[in-house]
Structures are given as structure tokens and as C-alpha cells.
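What follows is a single structure, written as C-alpha cells, with notes after it.
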Amino acid sequence: MSILLPRKIPRRTALRGMLNGAAVTLGIPFLDCFLDNKGKALAATGQSLPVRFGTWYWGMGHTPGHAITEKAKSGVGIDFLKETASLKPFEKQINFFGNFGMPLDGRSNYTHFTGWVGSRTGSIPQRQGDIPATTIDLLIADEIGNDTRFKVIDASSTGLPRDNYSARSAESRAETEVSAIALYARLFGPDFVDPNSGNFKPDPNIMLEKSVLSGFSGVSKAYLAKLGASDRERMDEYFTSIRQLEIQMSKRLEKPEPNVACLKPQPPKEAQVDKIAAAREMPNVIETHKVMAKLLAMAVACDQTRVFNMSFTDANGNVRRPGESSTHHLLTHAELVDPALGYQPQTFWFNTQCSEGFATYLETLSSIKEGDGTLLDNCLIMATSETNYAKVHTIDGIPIYLAGKAGGRMKTGMHVVGSGDPLTRIGLTAMKIMGVQAQSWGTKSMQTSKPLSEIMV
Amino acid sequence: MKHIAPKLLGCFLGLSLALGQSTAAFAAPPSKGTMGFVIRDWFTSVYNSKFNDECPDGLTPSYDEIWWRGISREERAKITQNGLNPPLNRLPYAMRRGPKGENVCLQPDVVKDPPMRVIEGKYSYGANIDGTTDGRATAKTCKHEKFTHPDGTPGIDNQMYRLVGCIYGWRKGGLPEANAHEGRGTSGLGMILVEITGVNDKDPRNSDNVTITFHRSIDQFALDGNGKPLPYSSYNIDTENGKNRYGDKLKGSIKNGVLTTDRGDVRVPYYGGYGFMHPAIKNMALHMEIAEDGATATGQVTGYYNADEFLYWVGGMVGHATTAADCPALHVAARQLADGYPDPKTGECTHLSTAIDIKAYSAFIIHPEQKSASR
Amino acid sequence: MALQLNVIKGLLLSGVVALGFGMAGCSDGEPVAKGAPPTMRRLSNEQYRNVISDIFGPQITVAGQGDNLARADGMIAIGSRMARITPAGFEKFYNLARLISTQVVSPANRDSEFPCTPADPKVADDTCAKQFYAKVGRLLYRRPLTTAELDEAVKAANEGAKTKGSFYAGAAVGLVGMLTSPQFLFIVDETEPDPDHAGQQRLTAYAKAARLSFLLWNSTPTDDLLTAAEKGELHKDSGLEKQVDRMMASSRLDSGVRAFFEDFLRFEQFDTLEKDATIYPAFSLKVTEDAREQVLRTMIDHLITRDADYRELFTTRKTFVTGPLARIYRIPVTRPSGNAWQPYEFPEGDLHAGILTQIGFAAVASHPGRSSPTLRGRAMRESLLCQKVPDPPGDVDFSKFEDSDSPNRTARERLTAHRSMEACAGCHKITDPIGLGLENLDGAAQQRTTENGAVIDTSGDLDGIQFKDAVGLGKAFHDHPATANCVVDRLATYAFARVPRTEDKAYVTYLQKSFANDGYRFAPLLKRIALSDAFTAVAPAKTEQAQLETKP
């Protein structure tokens with residue numbers, strides 16, 4: 001048996017692994033569309049600021065009629081109501097998308113599942129647990145995430161490792177980071193190279209470890225030939241993963257450009273954030289999210305990654321208030337609508353917390369100065385949920401936000417009305433803004449080739 | 001005492017029996033006719049009115065205050081480094097103010113302090129222990145004043161309250177007992193088990209003829225995440241050479257979930273203020289209201305507490321500032337107020353009538369010889 | 001105590017072998033095996049920990065883990081053959097490999113880990129490196145290393161020694177490579193032409209050893225087993241049975257049986273189990289850990305130590321408890337503090353009987369602050385009876401029956417209202433009547449007789465078998481034919497890492513009948529599977545020409 005050495009993964013192999021199952025059609029060859037960077041020049045170094053993509057997830061949608069006033073047609077200005085009042089200060093940095101549809105083509109609405117899968121992959125799952133295509137963040141990461149230490153970073157403030165709305169398939173769904181301390185260690189632990197520390201010295205051990213990694217991941221052709229087709233694909237994805245780690249190692253060998261926005265944060269305090277026993281009690285969720293948001297924002301500012309996913313609460317609404325027997329999910333179904341208020345008061349409380357969580361997140365990103373603007377200005381953040389009105393699991397009109405100016409590539413401050421169009425139009429627009437040369441996105445009735453030109457610069 | 005009036009409790013167990021349900025939920029442990037509790041809270045019962053009416057001249061001055069008054073301005077300056085030393089640093093001086101530098105808490109007779117202020121109010125928690133209406137002397141008691149219970153019941157004996165009620169440290173939530181409580185919670189010392197036998201299995205909340213045995217546990221309190229005790233934990237009985245170290249018994253009955261007992265002498269373990277002792281509470285009775293779910297009980301222990309043991313405990317306590325008691329005056333007052341168990345030689349009473357508020361949690365009591373348990 | 005138990009277990013097992021399930025090969029009516037394509041299974045985190053501990057010793061800390069395997073078609077075992085290693089997942093394995101390798105070569109451990117001592121610890125030593133990698137590599141890869149693999153490892157060690165100026169630091173570098181290699185992380189069914197059946201493939205003896213070892217011990221094959229494989233013994237019925245008997249008589253069988261039941265009973269739920277501390281103050285993290293262990297201890301004791309009828313797991317009053325569990329069950333224990341496990345038998349009259357009433361089931365299939373007859377009913381149907389309960393429809397307004405202010409005080413009243421809605425009735429009729437049987441156990445599995453002041457009615461029926469309470473429900477499970485058939489079906493699924501196909505039906509039926517004939521004892525069933533042709537039969541993989549480098 002001979003070993004293939006060295007194991008440099010061919011670009012095509014890697015690409016095939018990455019696009020496994022993606023319902024996206026590429027317009028021009030992959031290589032030609034690389035790094036279409038419209039970022040502004042940073043005076044100090046002459047470096048251009050990259051545009052980054054993030055997602056933010058919250059569970060249980062919102063309360064129609066009490067979150068954002070519906071509009072008949074698209075236009076400037078978003079009318080934030082009581083439930084989303086905390087987002088008002090960010091009106092000029094946000095687009096809200098209302099009344100977009102999710103046509104099921106006769107498939108079931110698997111409650112708390114179909115909604116997030118459809119909005120993140122552009123395809124409707126065939127059954128509970130099925131993730132039929134690659135999620136949008138990874139499609140964008142395949143485009144813009146190849147030159148940073150991490151291609152993508154996932155974090156969740158609910159303590160549920162499976163609470164990750166980023167995947168290439170059901171089988172290729174990384175566990176998300178649920179511990180702020182572990183997240184810190186991964187981002188800013190010993191492997192972090194501080195761009196502003198004067199004495200950069202490449203660690204000779206890294207070269208060694210990198211070459212060993214390539215060497216050992218080699219398997220013989222005969223070995224591969226015996227594997228079934230799907231197992232070979234799995235092996236292929238394993239190679240892609242190694243390649244990603246090699247990139248991470250290479251980054252540690254390069255002297256990074258000084259970066260004024262990057263300030264290595266302090267490690268979080270354990271007692272503060274890792275309350276495993278009550279991870280899903282709202283006060284703890286909020287606290288963990290706050291800490292994680294800061295870490296993610298700084299990881300982005302330090303250019304450790306350009307794609308980052310945060311889930312605030314989960315698609316099954318497992319969060320709760322201390323001492324209450326009902327979770328957010330149970331409340332959405334069980335709680336009566338208060339006739340005087342016109343909504344479910346406790347559910348409303350949770351929904352409000354979600355809006356506040358998103359506001360905190362945006363605040364954190366905009367608190368970091370970058371170039372002549374903020375980090376948020378150089379990001380595109382897509383926030384989604386799995387339902388519109390959780391009480392009855394509606395998936396039409398799922399609220400979606402795009403926030404940040406994407407380095408000047410996106411117009412903001414608009415309420416965009418979908419009039420029942422598939423919500424894939426929003427994702428396609430985001431992909432185009434991020435430089436993915438996608439002609440269309442989505443499958444069956446969800447397929448679209450029409451981006452929302454009104455928000456594109 | 002917190003008002004414990006027998007009330008008609010919907011009898012949970014009886015109800016389930018009547019409906020032919022399984023009685024397992026709370027009935028399993030009394031199936032052998034026993035119920036067990038571990039006492040967690042143990043606080044001297046004090047009646048505090050809103051405006052301190054019971055102490056009309058104010059609270060009694062503390063020992064360091066008395067010491068401070070007794071020294072010159074120059075001495076004060078010297079000891080406190082011109083006022084720079086914080087009050088706590090004065091304590092060793094304040095305690096050692098005997099003519100030869102004696103510790104006045106350990107040797108209270110070496111100085112003569114002004115009399116301390118004691119309770120002058122009309123009301124107190126507790127029970128009528130001596131059986132008289134006027135507090136006249138009997139074979140086992142000395143003449144003393146009676147209190148009226150805040151609920152109007154006359155004839156209450158509580159000379160311990162009269163003694164300590166105007167001391168800062170014994171006001172409600174006062175530090176000496178709060179510290180002792182804290183210490184018991186974490187040390188596993190001084191834990192009192194209350195075992196009730198002869199319980200009517202069919203209706204444990206109404207048992208005419210029960211025996212109450214007091215043991216000491218050697219297992220730690222089982223606590224929840226907030227440090228509160230958990231019911232239904234098991235506790236082994238402490239033994240010495242294979243024999244129960246405590247084990248005094250009282251007779252009693254349970255009516256509608258309220259346990260009352262006859263009186264008798266009971267030795268109980270006590271830990272607090274970094275000291276351990278086992279006072280015998282004389283002529284003691286236990287009154288305890290068992291919660292409907294059987295998980296907890298609150299109530300009161302009444303009886304006579306040995307004045308010497310009490311004074312010894314106060315005297316040995318480290319950090320007297322927390323008690324704010326003045327040992328020499330306290331010794332004098334305690335002897336004057338003692339109302340129980342006259343010394344056959346001197347005729348002076350040696351014990352103070354008292355009331356202690358307790359809270360207990362349902363517990364399985366494990367007997368070493370049987371290796372069986374009861375709750 | 002543990003030693004004593006093992007001795008008893010050993011005696012029992014050997015007795016059982018002599019009496020009952022000493023079957024020669026698979027000649028007792030096993031249908032002809034069709035075989036299935038080879039599998040490529042990712043090591044589970046538990047397997048990873050076991051393997052490291054077996055090879056390098058328990059003193060090596062495995063501080064971390066890879067991504068947990070996802071459940072597919074109801075079993076994690078099936079998920080293992082579909083699992084992919086994502087970049088983030090690989091990073092975890094890589095970091096773990098670094099931590100483990102550093103410990104293995106540390107001054108404290110190197111003497112016991114290395115079969116040799118380098119001539120000079122500051123420089124590379126080909127011979128010693130080769131000996132070390134040959135020894136551990138065979139156990140890690142579950143077969144002897146090829147010359148190329150061994151050379152690669154030695155090369156890495158030499159480069160490492162040169163860069164780091166230490167033989168041992170260099171050896172760690174090569175070990176990291178092995179621990180992150182696909183040969184280690186994936187258990188691949190390697191095949192070879194079957195000399196007895198021309199044109200057909202069979203598993204190599206080493207692949208058979210791995211299957212046996214992961215099924216019975218949930219770990220990598222030991223030196224003994226690999227040696228038996230090397231000698232070709234595993235291709236012979238007698239040799240195979242000898243190895244299976246040896247493995248089943250070992251106390252390590254516990255690990256294998258535990259692993260199956262963790263998968264069968266969906267134990268990953270414990271990892272994220274959360275109870276409200278205000279509502280259930282006694283339910284601590286320790287309770288969660290102990291509740292999980294309690295179920296497994298009860299099963300091992302019942303099924304292996306006492307070799308008892310599987311169905312009696314649903315009725316047995318015998319179990320093991322710790323102080324924290326005892327407070328939930330409200331029972332006495334002689335050692336209330338610490339981690340002391342003590343045997344306990346629930347008395348007659350107590351509603352805790354059988355695994356359904358244990359915290360590990362009743363509290364897990366509940367909400368954080370209340371019980372859930374629907375979750376419990378669904379778990380019973382799907383996990384224990386292998387029945388499928390459809391997902392709820394998407395557009396139901398639940399307010400009418402879930403409102404806590406409504407006059408419906410008990411779960412039964414609320415769910416009766418629920419079932420009055422046509423869209424819900426179909427599924428809730430399947431789940432609720434049995435779920436309600438456990439309503440005397442609250443969301444933490446603590447006994448109660450009332451809810452919101454109303455007396456709870458726990459009567460119902462399980463597919464026609466009437467019961468009055470939780471104890472009766474356990475009896476109904478004992479008597480339900482699906483109970484035993486389900487565990488057989490799932491054990492076969494687990495062993496083969498695939499859902500039995502139509503052509504496997506005869507085999508599963510054969511196992512189910514044998515299980516009944518053996519008195520529903522688990523060990524004989526496990527042995528029967530381990531020895532059966534079906535367990536190792538392979539069909540050709542669904543391959544195309546390997547095109548990794550060339551596909552356009």
C-alpha cells in the first residue's frame with residue numbers, strides 16, 4: 001500500500017466537499033470570483049477592510065401586530081413597536097423584511113424545524129432532522145472565509161451544543177460552542193497571534209505539526225477505492241477539514257499587519273458565564289450572550305474569522321425564567337392572549353428579551369471602531385427565527401433582519417415587503433452583497449434568481 | 001412564638017386513602033409508625049416591638065462601651081493610636097479590663113459593672129411552664145414576673161427573653177445566633193433529630209399516643225443549590241461505643257398535624273459561636289406544626305435552660321462585639337432573673353425559662369443497630 | 001464490594017454458558033445472511049475515551065471530546081456511519097490528540113508507555129520509535145501498521161526530535177498524527193475475497209475483531225483479540241466462539257452493554273437536562289449524573305449480574321441509589337453523603353418500580369418545571385416499543401387546554417381537552433393514555449397524589465392491557481409483546497449500524513424467537529448476534545471507481 005504524500009487537498013476536491021448539497025448555482029468559475037473586495041482603505045496600513053458576514057438566531061419569532069407595523073409596500077423607515085423598541089436606535093443600520101413566504105410544495109411543516117432550515121438553506125426539509133442543503137453562512141464562508149484563521153465560528157448562549165443553525169447537511173453539522181470560556185480559549189488562547197504585539201516570531205513547531213498533519217491524513221488509493229461513494233464523500237470532507245486546520249496553522253506563521261481595532265480581550269470569569277445547571281434560564285442566557293458577543297466581535301475585529309454565527313435562543317424555545325414551570329415554547333402555545341393587551345404577556349416578555357438581545361449584539365459590534373466607521377458598518381448580519389407567530393407555528397412572514405452596511409454595499413433603514421415572495425430572495429441578496437456569484441438560490445418553489453435590488457448599492 | 005394555632009388541615013393522606021389511591025406518596029415512611037425530622041433552625045424566641053417599647057431606656061450598653069467610658073482621654077488616644085485603630089482592635093483591651101488584666105468574660109466577678117437593661121415589656125412568646133398564673137415560687141421555681149403572649153394568652157414564662165431581649169446581639173436576626181446557625185449548617189455539628197414513633201399509619205396527622213426521641217446526627221445537612229436544606233434526606237444517629245449518645249424521650253400526640261408533648265428533661269446537642277455543648281433543657285416540651293405535605297415543620301421548644309451553660313457559651317464566644325453583651329452585668333442579671341431549679345443549698349434558681357423557635361425538615365433517621373430507617 | 005460482584009457475575013456467567021446459551025456457531029436455525037455494504041463509522045466520544053484508556057492507561061486524561069454523534073433513524077450507531085468531521089470537529093480531535101500525546105510521553109508516563117528506551121533521549125532513535133508506533137499503532141488502527149504507515153510515523157518522530165531536541169517530544173508529534181488520522185477516527189470495515197465463497201467478499205479478521213470488540217466492550221480490540229485475528233481464528237466458528245465467550249465473561253462486557261442502552265434509551269438527553277431549581281430544589285447536577293448511572297446500574301445488575309428476564313426491568317423494585325437520588329425518591333439510605341451507591345429495593349406500595357419510574361426516564365421525559373404525559377408517552381412508544389409517533393401538526397392553537405388558569409387542574413383534564421381537537425387526537429391517543437400512567441411522578445419523578453389540589457387518576461391501558469398506576473403500567477410493558485421485540489430489533493440495529501432491511505426481517509424474527517426461548521435473557525441474545533453470520537456478512541460496497549483526484 002502506498003501513501004499519498006503530501007496531502008495537499010486539490011482545490012476542486014475541497015470545493016466539492018464544501019458545496020456538498022448546496023442549492024446554489026454559481027455564475028462564473030469559483031476561482032475568478034475570489035475576493036471581490038470593496039472595502040475601504042484603512043489609512044494607517046493601506047490594508048483594505050474586509051466585509052464580514054454573521055448570522056444571529058432567536059427562537060419563537062415575534063408577536064404580529066406588536067413587533068413591527070406591517071406595511072403595504074417597501075420603503076424607508078421601520079416602525080418598531082413595543083416588542084422591538086430596543087432596536088429603534090439601530091433603525092438606520094437595519095433592514096427589516098416582512099411578509100416573505102416559505103412555500104412548502106406539499107411537504108410538512110415540521111414545527112420548530114422547517115422554518116429555520118428553509119430560511120437558512122433555501123430548501124424545505126423532507127423530514128424531521130433533514131438538512132437538505134448547505135446553510136447560507138457556509139456558502140458565504142466558502143467565498144470569503146478561506147484566508148482567516150477560522151473559516152467560521154459558531155457560538156450559542158443556550159448551553160445546547162446542537163443549537164447550531166449552520167450545517168452542510170444533517171450529518172455535517174458542527175456542534176456550536178456553548179461555553180464562553182472555551183470560546184475564549186479557541187479564539188484568544190495560546191494559538192492567537194496578536195497583530196499589535198511588536199515581537200512576532202513564527203513558532204518552528206507549527207511547520208512541523210502542519211507537515212505531520214498532512215502526512216498522516218493520507219490514505220492509500222486502494223483504501224479509498226473500497227469505500228462506498230457516500231463514505232468517500234465523508235472522507236473527502238474530513239480532508240477539507242484538515243485543510244482548514246492547515247490554513248489556521250499557516251496564519252500563525254504569518255506576521256499579521258498591525259490592527260488598531262484589535263484588542264485582545266480578558267478571559268471571561270467562569271462563575272459569570274458557565275452556569276451549566278441553569279444554562280437556559282433567561283438571565284444566564286443574556287449574560288452568556290453578552291460575553292460571547294464581545295468575544296465574537298473582537299475575533300472579527302482581529303480578523304480571526306470573517307463569518308460568525310451566534311444563536312441567542314434556540315428553535316425549540318427551551319429557555320425559561322427561574323422558578324417558572326413553562327419554557328418560552330410552552331408559553332407560546334399555552335398562554336392565553338390577554339384581551340386588554342392583545343398579546344400573550346409572558347411570551348411577549350421573552351420576545352422582547354430576544355429583541356433586546358439583538359440590540360445588544362448590534363451595540364457590541366458597533367462599539368468597535370474600524371476605519372472611519374464601526375465594525376458593524378463592515379459587517380452584514382442576518383438575523384432569522386423559525387416562525388412568525390409561534391403560537392400557531394406560522395412560517396409565512398418569518399421576521400428577518402439584515403443589519404450593518406456591509407462596507408457600504410448595502411442600503412439600510414428600510415422595511416422591505418415581500419408580498420409573499422419566497423424569503424430566499426433575502427438570502428440571495430445577502431450572498432450577492434457578500435460577493436458570492438450566485439445566479440439563484442433555493443430549490444423548487446423556494447428557488448429565486450431575483451435579488452432585492454432596492455437594498456443593494 | 002409564631003402563632004401556632006391548631007387549624008383544620010385538609011388531610012392529604014386521609015383523602016387519598018378514602019379515594020382508594022395509592023398512599024405511597026407520603027405514607028410510605030410512617031408505615032412503620034414513625035416519622036422523622038432534622039432541626040435546622042434554632043433561634044431564641046424574642047419579641048421585638050416596632051419602637052422598642054420593651055426596652056424603654058434603650059438597648060443595654062455593650063462591654064466595650066462600658067470600658068471606653070471608664071478610661072481617660074489619654075488612654076483612649078494611646079490605645080487607639082490617636083483614633084486610627086478601628087473599633088475591633090480595641091476588643092482585646094475591652095475584654096481584659098480586670099484590675100490585673102483579667103478577661104472579664106471569663107472572670108466576670110473581678111469588676112462590678114452597672115446593671116444591664118432588661119426587658120420591661122408585657123409581651124413575650126413562650127409557654128406557661130411553671131403552671132402558675134402569677135409566677136409565684138414553687139418547689140421547682142423561683143418567684144418571677146409573667147408575660148402575656150402577643151396572642152393574648154396570659155402566664156407566659158420566658159426569663160431568658162427578659163435577660164437578653166435588650167442586648168443588641170439578641171434582637172431579631174442578631175449575629176451570635178445567626179453565626180451559630182450558619183456554623184451548624186456547614187459543620188454538621190449540633191444537629192438534632194426528632195423521631196416520632198407510635199404514629200397512626202392510617203392517619204399520621206392524627207395520632208393520639210406518640211413518643212418523641214431526640215437524637216444527634218453525624219451526617220451533614222443536605223442542601224439545595226441555594227444552601228437551603230432539602231427534606232427527605234437520611235441521617236445516621238450518632239453513637240458512642242455503639243450506644244446512642246443522646247436519646248431522651250417525651251410523650252405526646254399529634255392532632256391535625258400539630259405535635260404537642262408532655263414535659264421532661266431533654267439533652268440536645270448545640271453548636272454555635274465556635275463552641276459545642278449539649279445542654280439539658282429541663283422540663284422541656286416540643287410544639288410543632290407539620291406542613292401538609294409532611295416535608296417541613298415549624299414550632300417551638302420551651303423549658304428551662306441552665307444559666308451557667310448559657311453564660312459559659314456567651315463568655316467563650318470569640319468576637320464579643322457581635323453579642324454586644326456585657327459579661328459582668330449579664331452574670332449578675334442572669335442569676336437574678338433565673339426562675340427555675342433552685343440550688344438546694346442557696347435557694348437561688350439556676351435555670352432560665354426560655355422558648356426557642358425551630359424549623360425542621362422531614363428526614364429518615366437511620367438507627368445503627370437496626371440499619372433501618374424511619375421518617 | 002465491586003470485586004465481589006464481579007466474582008459473582010463471573011460465576012453466574014460461566015454457569016449460564018454451561019447451562020444455556022452454549023451454541024455452536026450459528027447452526028440453530030439462523031437464516032442465511034445476506035450481508036450489507038461495509039461501513040465506515042466515526043468513533044463515538046465514549047469509544048474514543050475507552051480506547052485511549054485501554055491503550056495508554058487510565059492515568060491519561062481525555063480532557064475534551066469531538067462533536068457528539070447525531071442520532072439517525074433512531075440510533076446513534078446509525079449516525080456514526082453517516083457522521084462527517086467538520087473543520088470545527090476536526091480541530092477538537094486535533095487539540096485532544098495534542099493533549100493526550102503530551103501526557104503519553106511525559107516523564108511520569110513514558111517508562112510504562114514505551115516498550116524501549118532511546119539510546120539518547122535528546123535525539124531521534126529510529127529503532128525505539130518504530131517499536132513504540134508498532135505497539136500502539138496496532139491497537140489504534142485495529143490492525144498491524146503497513147510499512148508505509150510505520151515509516152511515516154517514524155519520519156514524523158525524527159523530524160520532531162530534531163526540531164524539539166527530544167526523542168520523546170518527537171514521538172509525541174507522530175502520535176498526534178496517528179490520533180488524527182482517518183484510520184483511527186473512522187472504523188472502516190476492511191474486506192478481502194472470501195476463500196470459501198468465490199467471487200464474494202468477507203470482512204478481514206481484523207475488521208471482525210473490531211466489530212466484536214466495539215459491540216461487546218465498546219472499545220478497540222485488545223492484543224489477545226488481534227492475535228486471534230492474526231492467526232485466522234476469527235474466521236473459524238470454534239475460534240470465534242472462544243473469543244466471544246472470553247469477552248462475555250469479562251467485566252468489560254458492562255461497557256458494551258452500557259453503550260447499547262445509552263444509545264437505545266437516548267441518553268444524550270442527560271447532557272442537556274435542566275430542571276428548575278425553584279420548583280425542584282432537590283434536583284441538582286449530581287442528581288442528573290446519578291440518575292443516568294442508576295438506570296445503567298439497574299440494567300447491568302438485572303441483565304448481566306443476575307441474568308434475569310429483560311421484561312422484568314419494567315417491574316423490578318431492585319435498584320441502586322445514592323444520597324441525592326434518595327432525596328428525590330424520598331427513601332432512606334444508610335450512607336446519605338458522598339458518592340456511595342447502595343442497593344435498594346422499593347417496598348410494596350411505593351410507585352417506583354421498574355425503569356419507567358426511575359428519574360432517568362420519568363424526569364428526563366418531562367419539562368424543566370413540570371411532568372409531560374405526552375413526552376413520556378412518546379418516549380415509551382418510540383424508545384421502548386419501537387413504535388413511531390408522528391410529529392405534531394404545525395397550526396394548532398394550544399391555549400384552550402394548556403392555560404394554567406383554566407379549570408383543568410390535572411394533566412389528564414388538559415390533555416382530554418387537547419384530544420378533543422381532531423388534528424391532535426390521532427397522536428395524543430397514542431401517547432397520552434400511557435403517559436398519564438406516570439402522572440403520580442412529577443417532573444422530577446417525585447411521588448405525588450394530587451396536582452393543583454385535584455387527585456390524579458393514573459389508570460389507562462397500553463394497547464388493550466389495563467393498568468391502574470405506574471406499577472401496573474410497568475407490568476403492562478412487561479406483558480406487551482413489542483417490549484421484547486423492540487430491544488431485539490434495536491440491538492440488531494446497533495450491532496449492524498443500520499436499520500434492518502426487508503431481507504433482514506427473517507433474521508430479526510429469528511432473534512426475537514430465540515430471545516423468547518432463552519427466557520428473554522440479554523446475554524444469550526448478545527452472544528447469538530456476535531456469533532451469527534449476519535453480524536459479519538458483507539455485500540459489495542456501492543462503489544464507483546474511486547475518483548477523488550480525477551472527478552471533474
Side-chain angles (χ1 to χ4, degrees), chain A residues 1-3 10 13 108-111 128 151 154 159-161 170-175 204-205 208-209 212-213 215-217 219 221 224-229 231-232 234-238 241-242 244-245 276-280 320 322-327 330 333-337 391-393, chain C residues 37-38 40 67-68 70 82-91 94 146 148-149 152 155-156 159-160 163-164 173-174 176-178 180-183 188 190-191 272 274 276-279 284-285 367-370 391-392 394-399 402-404 541-546 548-549:
Chain A
M1 259 195 251
S2 68
I3 300 220
T13 305
S108 295
N109 172 13
Y110 298 104
T111 57
Q128 184 77 37
K151 188 165 191 168
D154 310 309
L160 298 165
E171 296 78 32
S172 180
R173 184 181 183 187
E175 286 191 348
N205 289 322
L208 171 70
E209 288 170 15
V212 167
L213 205 53
F216 274 87
S217 57
V219 287
K221 272 188 179 177
L224 288 173
K226 282 194 175 178
L227 297 178
D231 288 345
R232 260 205 324 278
R234 292 165 64 209
M235 198 60 90
D236 201 3
E237 185 159 342
Y238 163 84
S241 298
I242 291 178
Q244 181 58 39
L245 189 62
I276 306 296
R280 285 174 289 292
R320 59 197 172 79
E324 295 286 338
S325 69
S326 295
T327 58
L330 285 176
H333 298 316
E335 195 184 8
L336 289 185
V337 172
K391 185 174 165 67
V392 286
H393 297 123
Chain C
M40 179 174 108
D67 282 348
N68 281 305
M82 297 163 81
R84 291 161 181 261
I85 297 182
T86 64
F90 183 75
E91 200 185 322
Y94 181 70
T146 63
E149 284 166 344
E152 177 65 34
K155 187 179 141 214
E159 282 173 20
T163 311
K164 293 168 183 262
V173 173
V176 169
M178 284 190 165
T180 51
S181 69
Q183 293 96 320
V188 175
E190 291 192 53
T191 58
T272 51
E274 196 172 294
D276 191 282
T278 314
I279 299 168
S284 58
L285 265 185
H367 296 300
R370 59 160 108 157
D391 291 309
D395 54 351
V396 180
D397 183 347
F398 294 73
S399 318
E402 289 280 9
D403 172 32
S404 49
K542 288 176 193 157
T543 59
E544 308 146 31
Q545 193 57 41
L548 188 65
E549 305 289 332

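By convention in this document, chain letters (A, B, ...) are assigned in the order of the sequence lines, proteins followed by strands, and residues within each chain are numbered from 1.
Both the backbone and the side chain of A:Glu175 come within contact range of chain C, with heavy atoms under 4.5 Å apart. Proximity to chain A is absent for every atom of C:Ser284, based on heavy atoms less than 4.5 angstrom apart.
Not a single donor-acceptor pair under 3.5 Å links the side chain of A:Asp154 to the backbone N or O of A:Ala174.
Considering only heavy-atom pairs separated by less than 4.5 Å from chain A, the leading option among C:Thr272, C:Thr191, C:Ile279, C:Asp67 is C:Asp67. By number of non-hydrogen pairs under 4.5 angstrom with chain C, the leading residue of A:Gly323, A:Ser326, A:Pro161 is A:Gly323. Contact count versus chain A (heavy atoms, under 4.5 Å) is highest, among C:Val188, C:Ile85, C:Asp276, C:Val173, for C:Asp276. By number of non-hydrogen pairs under 4.5 angstrom with chain C, the leading residue of A:Gln128, A:Glu171, A:Glu324 is A:Glu171. When the candidates C:Met40, C:Glu159, C:Lys164 are compared by the number of heavy-atom contacts under 4.5 Å with chain A, C:Met40 comes out ahead.
Interatomic distance, A:Met235 CE to A:Leu227 CG, rounded to the nearest 0.5 Å: 5.0 Å. Between atom CG of residue A:Asp236 and atom CG of residue A:Asp231 there is a gap of 12.0 Å, rounded to the nearest 0.5 Å. A distance of 9.0 Å separates NE2 of C:His367 from OG of A:Ser325, quoted to the nearest 0.5 Å. To the nearest 0.5 Å, atom CD of residue C:Glu274 and atom OG1 of residue A:Thr327 are 10.5 Å apart.
No side-chain heavy atom of A:Glu335 sits less than 4.5 Å from a side-chain heavy atom of A:Lys391.
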